[in-house]
Amino acid sequence: MAYFLQLVFNGIHNAALYALLAYGYVLIHGLTHRTDLSLGAIFAFSGQTFILATAFGWSILWMTLPAALSLGIVVAVVYVGVGGYVIARLIYAPLDAGNRNTVLVATLGLSIFLMELSRIAADTRDYWLPPLLATPVRLLGPELAISLTQLQVINIAVAFGVVATGEVIMLRTSAGRIWRAVSDEPKASALCGVDPSRVRTQAILAAYGVCALAGFLAALYYGNVSFNTGMIFGLKILFITAAGGFSRPLHAACGAAIVGMVESLWGGYFSVLWRDAAVFSLLVFVLATRTNAQDAERI
């Protein structure tokens, strides 16, 4: 039972990172209604940029570790912020009125571009951060050896805080009402004085910020985010969000949290080599059963 509980608490950490990614994905998809494969690349690009900038500050500029980490955070924020604005203006805005598949192809190309950019910048090498805030925190008292590291607890708290803040904004503020209005009826919203393109740009920046935060938290915890993880995370978040629902960010985040928990339990009891195959099979099954149930309701 202690082993099972330890896996569950580890799964909460995985669930928190997946929930952030899914929440960010729906912020974009809820407005554009287009498939986007770039979120996983933004996740990996943010973590990789943070690690590379930190390594540069530590080994080249001879900074202290806190200063090097601060430099990495600043560089990652600037890169993701500028990149998100450029993507919103040069990819989403021109392709908004086109075929749905154009955004899919464009974001696939963007994902490949970011992965190759990270690979070239890292010279096809993996850089690692030292363990940070790795002191165990006992969760169920000293009698049971069930714990999370301090960094895991911080990551969970940050992810929960971001999702909770996002839901408060969605439900209690004018920004949330405008997002829902543009998501449901962009043309009617434009007639009421709302600029849908501006709302989409703001949503894209917010979504990229959330996914970049997930990449930053993952880099701090794992010590490395490889440049080749962007594609698999992009596909995984797409499937996870489809299972949780594209209309509500909170529903997508809850679906992603369940998948993160399943991954943790699978890794503890079965072969890790088959984990992604099992998760994708589960998601395909959920999507197929949901689609059949929805078709039956329409009939």
Side-chain angles (χ1 to χ4, degrees), residues 18-40 42-43 80-107 110 159-214 234 237-257 287 290-291 293-295 297-298:
Y18 279 146
L20 280 179
L21 289 170
Y23 199 92
Y25 186 91
V26 176
L27 287 178
I28 295 180
H29 190 279
L31 297 180
T32 64
H33 305 290
R34 303 289 194 272
T35 301
D36 189 323
L37 294 178
S38 67
L39 274 299
I42 293 294
F43 166 83
V80 174
V82 174
Y85 183 80
V86 171
I87 291 166
R89 289 298 185 184
L90 299 184
I91 293 181
Y92 275 97
L95 300 179
D96 180 59
N99 188 281
R100 290 177 178 271
N101 293 330
T102 55
V103 173
L104 170 64
V105 175
T107 54
L110 174 64
F160 179 81
V162 170
V163 172
T165 302
E167 279 305 291
V168 171
I169 293 173
M170 281 289 180
L171 300 177
R172 303 289 184 179
T173 67
S174 59
R177 290 191 294 271
I178 290 173
W179 185 92
R180 296 197 303 272
V182 175
S183 176
D184 294 335
E185 292 290 344
K187 294 182 180 179
S189 300
L191 293 176
C192 295
V194 176
D195 185 359
S197 63
R198 181 180 179 182
V199 174
R200 277 192 290 268
T201 300
Q202 293 172 345
I204 290 170
L205 291 176
Y208 279 13
V210 171
C211 292
L213 175 62
I237 292 306
L238 172 61
F239 274 79
I240 290 172
T241 309
F246 288 121
S247 58
R248 285 289 305 277
L250 181 60
H251 294 173
C254 291
L287 289 175
R290 281 190 58 187
T291 301
Q294 292 171 354
D295 292 341
E297 289 179 0
R298 294 192 185 98

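Computed from a predicted model, the values in this text were never measured in an experiment. Position 1 is the first residue of the sequence, and the numbers go up from there. What's counted below: heavy atoms across the whole structure, side chains too, no hydrogens, waters or symmetry copies.
Taking the six-membered ring where tryptophan is involved, the planes of Tyr25 and His29 are essentially parallel, since the angle between them stays under 30° and well short of 60°.
Closest approach of Val210 and Leu20 over heavy atoms only: CG1-O, 3.1 Å. The two atoms that bring Val26 and Pro249 nearest to each other are CG1-N, 3.5 Å, heavy atoms only. Residue Gly24 comes nearest to Ala207 through the heavy atom pair O-CB, 3.0 Å, listed as atom of the first residue, atom of the second, then distance. What you find for Ser38 and Leu110 is that their closest heavy atoms are CB-CD2, 3.7 Å. Heavy-atom minimum distance, Ile42 versus Ala212: CG2-N, 4.3 Å. When every heavy atom of Leu27 is checked against every heavy atom of Ala203, the shortest pair comes out as O-CB, 3.6 Å.
Rounding to the nearest 0.5 Å places OG1 of Thr201 at 12.0 Å from CD1 of Ile87. Separating the CZ atom in Phe43 from the OH atom in Tyr18 is a distance of 8.0 Å, to the nearest 0.5 Å. Residue Asp195 holds its CG atom at 10.5 Å from CD1 of Ile178, rounded to the nearest 0.5 Å. In this structure, OG1 on Thr32 lies 7.0 Å from CD1 on Ile204, to the nearest 0.5 angstrom. Taking CZ from Arg200 and CD1 from Ile28, the interatomic distance works out to 12.0 Å, rounded to the nearest 0.5 Å.
Legend: residues meeting salt bridge (charged side-chain N to carboxylate O under 4.0 Å, His left out) with Glu185, ordered by chain and number and at least two apart, are absent. With sequence neighbours excluded, no residue satisfies ring pair (Phe, Tyr, Trp, His ring centres under 6.0 Å) with Tyr23.
Formation of a donor-acceptor pair under 3.5 Å by the Ser183 side chain with backbone atoms of Gly30 is found in this model.
In this structure the side chain of Ile169 never reaches within 4.5 angstrom of the side chain of Trp179, judged on heavy atoms.
Ser189 pairs with exactly one of Asp184, Val182, Val199 by the side-chain contact (heavy atoms from CB on, under 4.5 Å) rule, that one being Val182.
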